[in-house]
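Just the heavy atoms: all of them, side chains too, but no hydrogens, waters or symmetry mates, feed the values below. Just so it is clear, the model here is predicted, and its values are computed rather than measured. Letters go in sequence order (proteins before strands), and every chain restarts at 1.
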There are 2 protein chains.
Amino acid sequence: MRKDTSTNALNEKQIRDSCGMAYSLNIIGGRWKPAILCRLSYGLMRYSELKKSIEGISERMLVAQLKELEKDKVIERLVYPEVPPRVEYKLTALGLTMKPMLAAMSDWGNLHRQQVNAVDEQTKVVY
Amino acid sequence: MRKDTSTNALNEKQIRDSCGMAYSLNIIGGRWKPAILCRLSYGLMRYSELKKSIEGISERMLVAQLKELEKDKVIERLVYPEVPPRVEYKLTALGLTMKPMLAAMSDWGNLHRQQVNAVDEQTKVVY
DNA sequence: CTGTATCCTAGCTGATACTG
DNA sequence: CAGTATCAGCTAGGATACAG
């Protein structure tokens, strides 16, 4: 394995890392999945709770994202055959393994957001 | 702070977490930024090296993503007024603080990808 | 070598209405 | 309550040619 040219040379590990990251993004990326996963990381919630808590999401998108997450086996759908119907969503065992990653992402985001606010806008804090 | 109803109740921390995560995704999300950040996390690279190492990316997208990352202050653009021109990209101090998050994401992705391969396809391993 | 400029497509996303 | 169905718009992304 040659040390190669002047600057940074590609190696297999970097390629794999990039693939892994892209793979994670495929699952947790997009506009709504972070919000869903974050909420479910605190415990199970039912459909209507998710819908109410995630401001601006349409039913169409909520259902679509939940389905994808279910397909990827990170969340689980629990249907109770009652009237009125009740459906709950929760992280699977695999989903729970994402918590460190999710935590790292929200931590960095919150920290950086604060810094940006502090530098650029001084007082503007939006939650 | 009431304990609220039957299942999981929203609280301020969850909202913030979700925002932080979405904020991170705004910066590192998309199809190409993970690949770029992963490579630069190992050290500086010049434009042509990035282009060559990231298979399938067009010049248009590479430039666009690099510009966004620069605007977000996570990478830095170093221009050497030479002939032929040379431009290098590297993580900023802020960009370096992302490394734990990036590592968490690539680790989880690689691990989960292996599991999926192991369960669903036995032998198929694509890098 | 390091980009711009132009045009084009596909799929994500939103709004709304409807159903078991 | 927990979804489906349909239509339409936007924008991220891709192909190609050109420029400093």
Please state how far atom [atom1] in [X] lies from atom [atom2] in [N], giving the value in whole angstrom units.
{"X": "Met45(A)", "N": "dC1(D)", "atom1": "CE", "atom2": "C1'", "value": "15 Å"}
{"X": "Lys51(A)", "N": "dT4(D)", "atom1": "NZ", "atom2": "C1'", "value": "13 Å"}
{"X": "Lys52(A)", "N": "dA2(D)", "atom1": "NZ", "atom2": "P", "value": "12 Å"}
{"X": "Leu50(A)", "N": "dC1(D)", "atom1": "CG", "atom2": "C1'", "value": "13 Å"}
{"X": "Glu68(A)", "N": "dG11(C)", "atom1": "CD", "atom2": "P", "value": "13 Å"}
{"X": "Glu59(A)", "N": "dC12(C)", "atom1": "CD", "atom2": "P", "value": "20 Å"}
{"X": "Leu62(B)", "N": "dG3(C)", "atom1": "CG", "atom2": "C1'", "value": "10 Å"}
{"X": "Leu66(B)", "N": "dG3(C)", "atom1": "CG", "atom2": "C1'", "value": "11 Å"}

Give [X] one of three labels, base, sugar-phosphate or nothing, depending on what nucleic acid heavy atoms sit under 4.0 Å from its own.
{"X": "Gly30(B)", "value": "sugar-phosphate"}
{"X": "Tyr89(B)", "value": "sugar-phosphate"}
{"X": "Ser48(A)", "value": "sugar-phosphate"}
{"X": "Lys67(B)", "value": "sugar-phosphate"}

For every nucleotide of nucleotides 6-11 of chain D, 5' to 3': is a protein heavy atom under 4.0 Å from its base (B), only from its sugar-phosphate (S), or from neither (-)? B-----
Would you mind telling me which of [options] lies closest to the side-chain atoms of [X]?
{"X": "Met61(A)", "options": "dT2(C), dG14(C), dA2(D)", "value": "dG14(C)"}
{"X": "Val87(B)", "options": "dG14(C), dT2(C), dG20(C)", "value": "dT2(C)"}
{"X": "Pro84(B)", "options": "dG14(C), dT4(D), dC1(C)", "value": "dC1(C)"}
{"X": "Val63(A)", "options": "dT4(C), dT13(C), dT4(D)", "value": "dT4(D)"}
{"X": "Arg46(B)", "options": "dC1(D), dT4(D), dT2(C)", "value": "dT2(C)"}

Got a donor-acceptor contact below 3.5 angstrom from the [X] side chain to the [Y] backbone?
{"X": "Lys90(A)", "Y": "Ile75(A)", "result": "no"}
{"X": "Arg39(B)", "Y": "Ser53(B)", "result": "yes"}
{"X": "Ser24(A)", "Y": "Gly109(B)", "result": "yes"}

If every non-hydrogen atom of Met98(B) is compared with every non-hydrogen atom of Ile28(B), which pair is closest and at what distance? SD-CG2, 4.1 Å
Tyr89(B)-Arg77(B) side chain donor-acceptor pair, cut-off 3.5 Å: yes
Under 3.5 Å side-chain donor-acceptor pair for Glu88(B) and Tyr80(B): yes
Hey, which sits more toward the 5' end of DNA chain C by its nearest nucleotide, Pro85(A) or Arg31(A)? Arg31(A)
CD1-NZ distance between Ile27(A) and Lys73(A), expressed to the nearest 0.5 angstrom: 10.5 Å
Above 12 or not: heavy atoms from other molecules or residues under 6.0 Å from CD of Glu55(B)? no
